[in-house]
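Both ligands and their constituent atoms are indexed starting at 1 by order of listing.
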Amino acid sequence: MIPFIDLAAQFAAREAAIRARMNAVLAHGKYIMGPEVQELEKRLAAYAGAPHCVGCASGTDALLLPLMAEGVGPGDAVITTSFTFIATAEVISLLGARPVFVDIDPDTWNISPQAVEDCLAAWTPSWGRPRAIIAVDIFGLPADAAALTRIADAHDLLLIEDAAQSFGGSLDGRRACSFGHYAATSFFPAKPLGCYGDGGAVFCADGERAARIDSLRVHGKGTDKYDNVRIGLNSRLDTLQAAILLAKLDHFDEEIAARQRVAATYGAALAPLGQAGVAQHIPAGATSAWAQYSLLARNGEARAAAQTALKAAGVPTAVYYPTPLHLQTAFAHLGYRPGDLPVCEDVCGRIFSLPMHPYMPDGQAESIASTVAKALV
Ligand SMILES: Cc1ncc(COP(=O)(O)O)c(C=O)c1O
């Protein structure tokens, strides 16, 4: 079986640098909030073009912390997409607020700004007070930040960019993690910039907001960790993980470029398939970080048949996401029904993802693409 994501190949290519960075941490012994954490935060902020970056324990916490920093809680509601990983909406419920799910754009699969507008126009007071929009950059493609910023500003809402999958992507000359009042990314190992465990980071433009996040990630610390000025979390980024990320960051642009080549190879080979295999639309001015390369089959049966044929040919596939969040059991209490968000439900019913990583041997992307083309005809 071809690997779906080849972290071993990445480690083999970067082993010396990764080990050297890790050895430096083992030598200085500052495992918690060591100097690598600050060094990484500075480099990530510069990379993303965001004034502030605060490392934290996971991508999930990177979404939770901004909501905590803004006092989102019971009586509040947050608008978000239903086509995402559970973490995006879980953090809203965890704080006692209500997720309000809206539909996606049929071509980019990102939250539809029109659907957000429609949702606000038809707002039901029992949902609570609308406080924020969380837009996900799905599979690495930044959401429509300009339209969403206009809506957020017009309704006095916070805009949070869930950039868990999109570090390295860009839109109209700005990098992912620089949009909205806050952005959140994940360093889960399989993400475009992944560490060797859990990790995440919050980005924001405002220094006062960044200071609040910094306090919240260390138990609501004030002048020091034994002066506690708010209820917070233990959500620090480990020094060892920061060290690994620093070593990987040195080659990150090459990796993003390699992902573009894989995506271009897939795109060229699959374009003739027409409706039998429709790839994610990347709008002009956008670059995806290609956390995933996904396709829509004609229907669920065609997807199942293609996945079976591909597996037999040694090509692994995955389905992100089989169930939209509004129909997840965990959100059953919100009362959504099949048919409420038809675009999202249609996409979940026929989407699947192909192997995608920057270390494919020469010819592998071509060979996968031709196998996929045959499986989908
Ligand atoms: C869109 C999205 N949001 C949030 C998360 C949560 O990140 P983590 O797994 O680092 O907590 C993930 C990833 O797993 C994700 O894909």
Side-chain angles (χ1 to χ4, degrees), residues 4-5 7 40 44 53-68 78-95 99 101-102 104-105 108-111 132-143 145 148 159-169 176-177 179-180 182-203 213 216-217 233-238 241-242 244-245 248 280 288-294 318-326 328 330-331 344 347-348 351 353 356-357:
F4 190 70
I5 291 178
L7 293 176
L40 179 72
L44 293 176
C53 170
V54 183
C56 64
S58 69
T60 305
D61 280 3
L63 290 162
L64 181 64
L65 287 162
L67 296 177
M68 289 174 74
V78 177
I79 300 169
T80 192
T81 167
S82 186
F83 188 59
T84 178
F85 182 60
I86 185 75
T88 309
E90 173 182 55
V91 292
I92 303 166
S93 292
L94 205 57
L95 292 174
F101 295 111
V102 299
I104 54 172
D105 178 274
T108 65
W109 311 328
N110 276 328
I111 193 167
I133 303 167
I134 303 182
V136 176
D137 298 341
I138 201 73
F139 303 146
L141 172 68
L148 293 165
L159 179 61
I160 299 173
E161 180 194 6
D162 180 345
Q165 304 178 359
S166 62
F167 193 80
C177 293
F179 301 110
Y182 295 93
T185 199
S186 164
F187 305 125
F188 184 83
K191 296 291 191 254
L193 180 63
C195 61
Y196 290 157
D198 278 305
V202 181
F203 296 79
I213 301 287
L216 283 165
R217 73 171 162 173
L233 301 172
N234 172 358
S235 185
R236 298 167 296 227
L237 177 66
D238 288 349
Q241 301 300 350
I244 291 159
L245 289 164
K248 289 197 183 189
Q280 186 175 21
S288 177
W290 294 114
Q292 302 295 340
Y293 189 96
S294 307
V319 175
Y320 303 112
Y321 297 94
T323 307
L325 293 193
H326 68 285
Q328 287 281 0
F331 293 124
C344 180
V347 167
C348 288
I351 199 162
S353 303
M356 168 53 84
H357 65 86

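- If you check which protein heavy atom lies closest to atom 6 (C) of ligand 1, you get T60 OG1, 3.5 Å.
- Contact atoms of ligand 1 toward T88: 1 (C), 3 (N) (distance under 4.0 Å to a heavy atom of the residue).
- The ligand atoms of ligand 1 that sit less than 4.0 angstrom from a heavy atom of A87 are 4 (C), 5 (C), 6 (C).
- Residue T84 has no nitrogen or oxygen atom sitting less than 3.5 Å from a nitrogen or oxygen atom of ligand 1, judged on distance alone.
- Taking the side chain as every heavy atom from C-beta outward, L94 and L67 never approach each other to under 4.5 Å.
- Near S186, meaning under 4.0 Å from any of its heavy atoms, are these atoms of ligand 1: 7 (O), 8 (P), 10 (O).
- Given atom 15 (C) of ligand 1, the protein heavy atom at minimum distance is A164 CB, 3.5 Å.
- In this structure, the protein non-hydrogen atom closest to atom 13 (C) of ligand 1 is K191 NZ, 2.8 Å.
- By the 4.5 Å heavy-atom criterion applied to side chains, C177 and F167 are counted as neighbours.
- S235 places a side-chain heavy atom less than 4.5 Å from the side chain of L65.
- T185 has its side chain within reach of F203: a pair of non-hydrogen atoms, C-beta onward, lies under 4.5 Å apart.
- Close approach of ligand 1 to V136 (heavy-atom distance below 4.0 Å) involves ligand atoms 1 (C).
- Evaluated by nearest non-hydrogen atom to atom 1 (C) of ligand 1, the leading choice among D61, D137, D162 is D162.
- Among protein heavy atoms, atom 8 (P) of ligand 1 sits closest to G59 N, 3.5 Å.
- Summary of contacts: the protein heavy atom closest to atom 16 (O) of ligand 1 is Q165 NE2, 2.8 Å.
- In this structure, the side chains of I111 and V136 stay at 4.5 Å or more apart for every pair of heavy atoms.
- Under the 4.5 Å side-chain criterion, counting only non-hydrogen atoms from C-beta, C344 is not in contact with T81.
- A distance of 11.0 Å separates SG of C56 from CG of N234, quoted to the nearest 0.5 Å.
- Atom CD of residue Q292 and atom CD1 of residue I5 lie 5.5 Å apart, to the nearest 0.5 angstrom.
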